[in-house]
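Attaching a single structure in structure tokens format; questions to follow.
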There are 2 protein chains.
Amino acid sequence: MNLKIFIAQVNVVAGNPKANYERMSYAIKQACHENNGADVIVFPEMNLPGYLLGDMWERHSFLYECMHYEKKILDLSRQYPETLIAFGNVKTNLWDTQEDGRSKKHNCCVVVLNGEIVKTYVKTLQPNYREFDDNRHFYDFRKYLFDTLNSEGYQTYCDAIKTHYAPVEFKGHKLGFMLCEDGWENDYTFSPMEHISKKADLIFNISCSPFTRGKYKARNKAFNDLFDKYKVPIVYVNSVGIQNNGKNIYTFDGDSGLYNEGKFTSLGAPFQEFITELNFHDHKSKNLMHYDEIGMLKMSLIKGIRMFLEQSKIKKVVIGASGGIDSAVVASLFAEILPPKDIYLVNMPSKFNSDTTKDLAKQLADNIGCNYNIIPIQESVNQTVQQLEENGFIITDFVKENIQARDRSSRILAGVSASVGGVFTCNANKSEFTVGYTTLYGDLGGFLAPLADVWKTDVYKLAKYINNFKVKDIIPQGSIDVKASAELSDTQNVDKGQGDPIIYEYHDKLFYSWTERWNRWTPEDVLESLLRGDLEKDLGVENKIIETYFNGEVKLFIEDLERWWNLFDGFAYAKRIQSPPNITVSRRSYGFDLRETQIPPFYSQRYCELKNKII
Amino acid sequence: MNLKIFIAQVNVVAGNPKANYERMSYAIKQACHENNGADVIVFPEMNLPGYLLGDMWERHSFLYECMHYEKKILDLSRQYPETLIAFGNVKTNLWDTQEDGRSKKHNCCVVVLNGEIVKTYVKTLQPNYREFDDNRHFYDFRKYLFDTLNSEGYQTYCDAIKTHYAPVEFKGHKLGFMLCEDGWENDYTFSPMEHISKKADLIFNISCSPFTRGKYKARNKAFNDLFDKYKVPIVYVNSVGIQNNGKNIYTFDGDSGLYNEGKFTSLGAPFQEFITELNFHDHKSKNLMHYDEIGMLKMSLIKGIRMFLEQSKIKKVVIGASGGIDSAVVASLFAEILPPKDIYLVNMPSKFNSDTTKDLAKQLADNIGCNYNIIPIQESVNQTVQQLEENGFIITDFVKENIQARDRSSRILAGVSASVGGVFTCNANKSEFTVGYTTLYGDLGGFLAPLADVWKTDVYKLAKYINNFKVKDIIPQGSIDVKASAELSDTQNVDKGQGDPIIYEYHDKLFYSWTERWNRWTPEDVLESLLRGDLEKDLGVENKIIETYFNGEVKLFIEDLERWWNLFDGFAYAKRIQSPPNITVSRRSYGFDLRETQIPPFYSQRYCELKNKII
């Protein structure tokens with residue numbers, strides 16, 4: 001191929017067409033500079049408006065803004081009349097409505113040459129799972145086809161397909177274009193690729209695809225399969241940056257590259273912005289395949305936290321440091337992002353906190369070299385209990401536990417962060433989020449919960465990974481070794497090896513089956529698997545579960561199953577409704593990704609039968 | 001029509017097919033009882049599974065459960081072999097996948113006779129706006145048609161339409177069926193009604209349609225228009241009860257009835273469960289049209305709160321009583337639901353609270369006859385300030401305001417409610433939610449924010465409405481008359497007429513334009529309207545805005561506009577992410593209904609132009 005093709009893996013700023021236009025403009029000038037002389041420049045999907053924008057798509061002024069900057073791209077393209085520019089934008093027809101009665105909008109790939117639009121591809125396959133709401137916002141090409149069929153008949157319908165998927169002929173080449181999900185055709189009954197590949201000799205898939213642990217494997221399979229089937233090379237063009245829909249902050253890994261001859265060649269580093277020339281033979285950049293999973297996870301967390309702080313103009317962060325593993329990992333992540341002077345660790349002991357953990361908190365602050373305060377809560381907690389008792393309210397030990405947790409976050413951390421003009425973090429992990437092993441307005445408070453999509457067992461892996469890359473440990477070894485504990489009562493004494501009721505090595509896998517399996521399990525599936533004798537294999541637990549964790553008693557196993565299910569499928573969700581946003585890294589994250597409803601825990605009639613059979 | 005047709009406006013329990021089966025079974029037995037001898041019984045859409053279930057639809061065990069109870073309905077129908085039963089259920093093909101790779105699911109109307117399924121209608125038009133995510137979960141009939149076309153050709157496609165929409169012929173009549181949105185065809189390019197009406201002499205629209213203020217008017221228009229156009233009477237069958245998707249709790253008003261000859265005749269009281277015989281001439285029940293808007297609003301709030309408490313097994317509620325209007329209205333709503341002994345009003349004065357409001361809080365508790373405690377916070381606030389200052393943190397007056405708010409909710413109310421085994425409420429209204437005029441973990445805390453979807457100006461109307469229906473005022477007149485104020489500082493002294501910075505009579509209308517207009521406004525639209533001279537008319541504000549509220553200075557008007565927009569489209573959303581659920585009553589409610597994203601406030605390039613032009 002004798003075209004000079006440039007791929008722009010740009011950082012997309014959601015909701016800011018002006019900023020994205022400026023980035024595009026810079027990239028175009030670079031690629032068209034005389035030393036480069038680009039024939040073609042390709043940008044990612046929705047790189048002008050951004051993609052995860054909630055119902056911002058309903059605002060006419062925003063749609064006008066996107067049109068305005070598209071026009072500016074057309075103007076700019078006149079300066080480089082020999083260069084074909086393809087980019088992602090929303091196309092709106094403000095005078096025609098879609099099915100919600102609002103302006104009709106399409107997710108498009110716009111191909112431009114010398115001030116004219118050569119071609120506009122409308123996305124055919126639209127995702128409506130996980131964080132995606134495409135059909136809520138956009139009118140896809142299949143709907144357009146269906147309309148054509150009903151208003152103009154079958155022949156026009158067939159012609160429309162041919163026209164729409166025809167490649168752009170340019171300087172002797174035939175370039176096909178498609179948008180993101182169009183390349184993930186496996187579960188659809190219609191294949192855009194079948195039509196696009198008929199005449200094209202190179203196809204661009206422009207995407208806006210967030211990072212998910214392990215997703216690159218699925219993508220490599222899907223796109224290598226496309227090559228196998230249709231025999232046309234595909235260039236994958238994805239953006240970087242962060243976008244969110246409130247509860248879930250997604251990082252975009254880019255990882256753009258070429259699928260050809262059954263293999264993937266990346267064009268540059270993941271998570272990094274670049275504009276680079278496509279070379280069919282000579283790319284050797286490191287891509288996601290070269291990192292281990294915990295390394296990728298850490299990259300995504302750091303990227304997500306850093307950009308979220310920047311976007312929110314947050315410069316100072318306050319972290320409650322208990323001496324445990326979660327707060328230590330959170331602090332060490334922030335230590336890679338902010339200077340130590342802008343990090344405030346606060347240890348807030350009550351009478352239940354051991355010297356062991358207090359020392360570990362101090363050690364962590366020393367390792368980071370940041371601000372450190374010890375602000376005890378016992379006196380305040382005593383006064384609260386006394387004041388409530390004076391008013392005739394009986395305060396049990398359990399109520400006292402939660403009073404401690406709220407005193408720390410809502411009284412101390414919120415006060416400190418307001419005082420320094422910063423924010424405080426929520427250090428809870430995904431295991432805790434799952435069963436609500438947290439206190440509302442207590443340890444569940446904070447501006448961001450960086451670990452809320454990371455299982456506790458992975459928090460430990462992350463801690464070790466973080467220490468491995470440092471000359472000197474950041475996270476005290478003691479925080480990794482100490483028994484995980486809330487230290488809110490006499491029965492949670494770490495020096496006696498007491499602590500959390502969650503058996504992380506087993507429960508993390510069980511909770512995973514309820515949340516992250518594509519077909520999510522309920523207790524019925526757990527019992528089915530148990531009866532098949534497959535439970536350890538299905539969950540991926542090494543030890544024999546009932547023997548190791550339940551004294552060999554199936555009754556205890558079922559009690560435990562119901563205990564956690566009642567929380568997960570019950571009150572824990574009420575807590576998640578009021579929880580802070582997370583950095584979403586898993587296959588399924590609480591919030592907008594996994595949509596829940598506040599109803600009593602679900603037990604099927606079949607579950608009851610199986611339970612009766614087993615006990 | 002000589003058929004005895006029974007309409008079952010049942011209460012649907014979301015996620016509980018067993019409970020819904022039992023209700024159905026009771027209704028069927030009633031209608032088929034020898035005194036009644038029903039020929040036909042019709043239930044609402046999705047009345048076996050429920051509808052607003054988030055991603056519960058992904059659980060195989062839940063889908064099996066729905067199939068299991070459908071089978072039990074078939075079994076039951078054998079006892080009444082002369083009665084046709086139509087109901088709503090999800091139909092699943094566990095061995096075929098839809099576009100997310102999961103089991104294929106359809107939202108169906110199932111028509112049953114003597115143990116056999118006579119016909120299954122698949123929903124054709126699926127809503128994907130507001131709280132609805134139909135395309136996320138269900139495969140609609142248009143997709144099925146599209147598949148047919150592509151796999152079997154145009155003729156089969158046409159045949160499929162004819163077959164699918166053919167009526168059920170029964171005892172000499174032709175009964176057509178459709179599902180909810182199928183009847184709201186206005187914005188769609190495909191009309192199910194066009195096909196259904198061809199042969200049917202009566203059509204049932206089974207719905208699962210939540211209450212929204214004013215929606216009944218739109219429905220009456222849509223369905224009367226259908227009659228005008230197709231000349232077939234339509235029976236509208238809707239459910240009652242509550243369903244939620246976390247942040248938003250919807251009430252279902254039922255309001256089932258007959259659309260015939262251009263008018264609507266209701267079959268029974270709205271929000272009430274009933275089974276009744278359809279009579280073409282003789283229904284006179286009160287329906288939504290007979291209530292004024294505030295009356296309907298109150299009905300929905302009471303229904304929503306009551307059923308949410310029941311579902312959550314909550315029996316005691318703690319309410320922070322400030323003496324102001326919001327807490328008074330919240331308390332008076334709970335007073336209609338719970339006995340006084342289970343309501344705890346708590347007044348928590350600091351040095352800034354006036355005797356005026358303290359007395360009003362007491363008076364409210366006396367009017368209700370409930371528990372009342374005065375638990376001052378000044379000492380605790382002082383100690384917090386002192387402790388933070390001792391640690392070197394500077395505490396400004398603004399920081400002190402928020403310390404007070406958090407002390408009240410996170411320390412006192414959370415402690416009291418844990419002690420009595422109850423929950424506490426969030427009393428914030430929609431005006432406050434809009435601009436984040438609330439404190440996180442402070443007055444924004446609580447298990448439920450009953451007024452979070454009610455504008456402050458409507459809270460006043462609600463207060464008057466509530467008092468009107470009582471022999472003796474529940475809400476002290478002083479709470480209605482007093483200046484709305486947070487009383488968190490010297491500058492918010494109600495006795496000097498000082499208080500909130502929000503000018504509710506103007507700002508409520510402005511905020512409405514940003515949230516509830518179908519095409520939602522941004523500052524650009526506000527300035528466009530101002531320049532057209534239409535601002536008062538467009539917003540529905542009686543006074544000349546700039547003259548009345550901004551001293552005639554357009555500069556002040558724009559400063560004010562930007563001040564509130566920066567909050568609404570900025571930090572206020574960060575607060576809403578962590579806010580409690582609300583009872584959704586408006587055309588657009590924060591949460592899952594109005595989906596937002598955490599990005600800096602949006603100002604279009606056109607806005608900047610207009611602003612320069614104006615100033």
Side-chain angles (χ1 to χ4, degrees), chain A residues 14-15 52-55 58-61 65 68 97 99-101 128-129 135-136 146-147 154 187-189 244-247 373 375 384 388 391 393-395 399 402-403 406 410-411 414-416 418-419 441 445 519-520 522 524-525 577-578 580-581 594-599 602 604-606, chain B residues 14-15 52-55 58-61 64-65 68 97 99-101 128-129 135-136 146-147 154 187-189 244-247 373 375 384 388 391 393-395 399 402-403 406 410-411 414-416 418-419 441 445 519-520 522 524 577-578 580-581 594-599 602 604-606:
Chain A
L52 299 184
L53 284 168
D55 291 338
E58 292 169 6
R59 293 177 176 168
H60 276 184
S61 55
E65 186 89 344
H68 173 77
T97 56
E99 297 175 349
D100 61 358
N128 294 291
Y129 49 82
N135 277 37
R136 181 177 179 92
F146 196 77
D147 292 349
Y154 187 57
D187 291 313
Y188 292 83
T189 54
N244 73 83
N245 33 38
K247 286 276 192 193
N373 286 81
I375 309 184
T384 298
L388 294 177
N391 276 275
F393 297 106
I394 295 160
I395 308 297
V399 173
N402 291 332
I403 288 175
R406 287 190 297 267
S410 288
R411 194 175 68 88
V416 170
S419 167
Y441 323 128
N519 282 310
R520 292 184 297 120
T522 67
E524 173 181 325
D525 304 281
I577 291 175
Q578 298 191 41
L594 176 52
R595 303 183 187 177
E596 301 178 84
T597 189
Q598 222 178 147
I599 50 176
F602 173 69
S604 64
Q605 171 268 345
R606 172 95 182 122
Chain B
L52 299 184
L53 284 168
D55 290 338
E58 293 169 6
R59 293 177 176 166
H60 275 184
S61 54
Y64 276 112
E65 185 89 344
H68 172 78
T97 56
E99 296 176 348
D100 61 357
N128 294 289
Y129 48 82
N135 277 37
R136 182 178 177 93
F146 196 78
D147 292 349
Y154 187 58
D187 291 312
Y188 292 83
T189 55
N244 74 83
N245 34 38
K247 286 275 191 193
N373 286 81
I375 309 185
T384 297
L388 294 177
N391 276 274
F393 297 106
I394 295 159
I395 308 298
V399 172
N402 292 331
I403 287 176
R406 287 189 297 266
S410 289
R411 194 176 69 88
V416 170
S419 166
Y441 323 128
N519 281 310
R520 291 186 296 121
T522 67
E524 174 182 324
I577 292 174
Q578 299 189 41
L594 175 51
R595 303 184 187 177
E596 301 178 86
T597 187
Q598 220 179 150
I599 51 177
F602 173 68
S604 65
Q605 171 269 343
R606 172 97 182 122

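Below, chain A is the first sequence line, B the second, and so on; all start at residue 1.
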* Asked: Looking only at heavy atoms, what is the nearest atom pair of Thr97(B) and Asp187(A), with distance?
  ->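 Heavy atoms of Thr97(B) and Asp187(A) come nearest at OG1-OD1, 4.0 Å.
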
Which residues share a side-chain hydrogen bond (donor to acceptor under 3.5 Å, both in side chains) with Arg520(B), sequence neighbours left out |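 Only Glu58(A) meet the side-chain hydrogen bond (donor to acceptor under 3.5 Å, both in side chains) criterion with Arg520(B).
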
For this session: For each of Val416(B), Ile395(B), Leu52(B), tally heavy-atom pairs with chain A at distances under 4.5 Å, and name the one with the top tally.
Result: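 Most pairs with chain A among the choices: Val416(B).
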
task = Report yes or no: does Arg406(A) contribute a side-chain atom to a donor-acceptor pair with the main-chain N or O of Ser410(B) at less than 3.5 Å?
result =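 A pair under 3.5 Å: yes.
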
| task | Could you have a look at Ala418(B), Gly246(B), Gly54(B) and say which one has the most heavy-atom pairs with chain A under 4.5 angstrom? | result |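 If we count pairs closer than 4.5 Å to chain A, Gly246(B) comes out on top.
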
- Message: Between Asn245(A) and Thr597(B), do the side chains contain a donor N or O and an acceptor N or O under 3.5 Å apart?
- Response: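 The criterion, which ignores hydrogens and geometry beyond distance, is not satisfied for Asn245(A) and Thr597(B).
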
Can you see which heavy atom on Gln598(A) is nearest to which on Pro581(B), and at what distance?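 For Gln598(A) and Pro581(B), the tightest heavy-atom pair comes out as NE2-CG, 3.8 Å.
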
Check your understanding: Can you check whether Asn135(A)'s main-chain N or O pairs, donor with acceptor, with Asn135(B)'s side chain at less than 3.5 Å?
Key ->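 Here the side-chain-to-backbone pair does not exist.
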
| Taking atom CD of Glu596(B) and atom CG of Leu53(A), what is their separation to the nearest 0.5 Å? |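 It is 12.0 Å, given to the nearest 0.5 Å.
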
| task | Report the residues that fulfil side-chain hydrogen bond (donor to acceptor under 3.5 Å, both in side chains) with Thr522(B), sequence neighbours left out, ordered by chain and then residue number. | result |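 Partners of Thr522(B) under the side-chain hydrogen bond (donor to acceptor under 3.5 Å, both in side chains) test: Ser61(A), Asp525(B).
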
Does the side chain of Asn391(A) come under 3.5 Å of the side chain of Asn373(B) through a donor N or O and an acceptor N or O?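 Side chains of Asn391(A) and Asn373(B): pair found under 3.5 Å.
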
Grab the two heavy atoms, one from Tyr129(B) and one from Arg136(A), that are nearest each other, plus how far apart they are.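 Minimum heavy-atom separation between Tyr129(B) and Arg136(A): C-NH1, 3.5 Å.
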
| Among Arg411(A), Glu524(A), Glu99(A), who wins on heavy-atom pairs under 4.5 Å with chain B? |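 Winner by heavy-atom pair count: Glu99(A).
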
Counting heavy-atom pairs under 4.5 Å with chain A, which one of Ile403(B), Thr189(B), Asn402(B) comes out on top?
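If we count pairs closer than 4.5 Å to chain A, Thr189(B) comes out on top.
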
With under 30° as parallel and over 60° as perpendicular, where do the rings of Tyr154(A) and Tyr154(B) fit, or are they tilted in between?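 Ring orientation, 0 to 90° scale: parallel.
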
So how far is it from Ile394(A) CD1 to Ser419(B) OG, rounded to the nearest 0.5 Å?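 Going from CD1 on Ile394(A) over to OG on Ser419(B), the span is 6.5 Å.
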
Per-residue contact mode, Phe393(A) against chain B (heavy atom under 4.5 angstrom):
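For Phe393(A), the contact with chain B is made by backbone and side chain together.
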
**OP:** Starting at OH of Tyr188(B), measure out to CG of Asp147(A) and round the result to the nearest 0.5 Å.
**Re:**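 Between atom OH of Tyr188(B) and atom CG of Asp147(A) there are 12.5 Å.
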
Under the side chain to side chain contact (heavy atoms under 4.5 Å, CB included) criterion, do Tyr64(B) and Arg606(A) qualify, and how do the steps go? CA-CA 9 Å; Tyr64(B) 276 112; Arg606(A) 172 95 182 122; over 6 Å; no

What's the shortest heavy-atom distance between Gln605(A) and Glu65(B), and which atoms?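 Distance-wise, the nearest heavy atoms are N-OE1, 2.8 Å.
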
**Options Ile599(B), Thr384(B), Val399(B), Asn244(B), ranked by heavy-atom pairs under 4.5 Å with chain A, top entry** =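 The answer is Asn244(B).
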
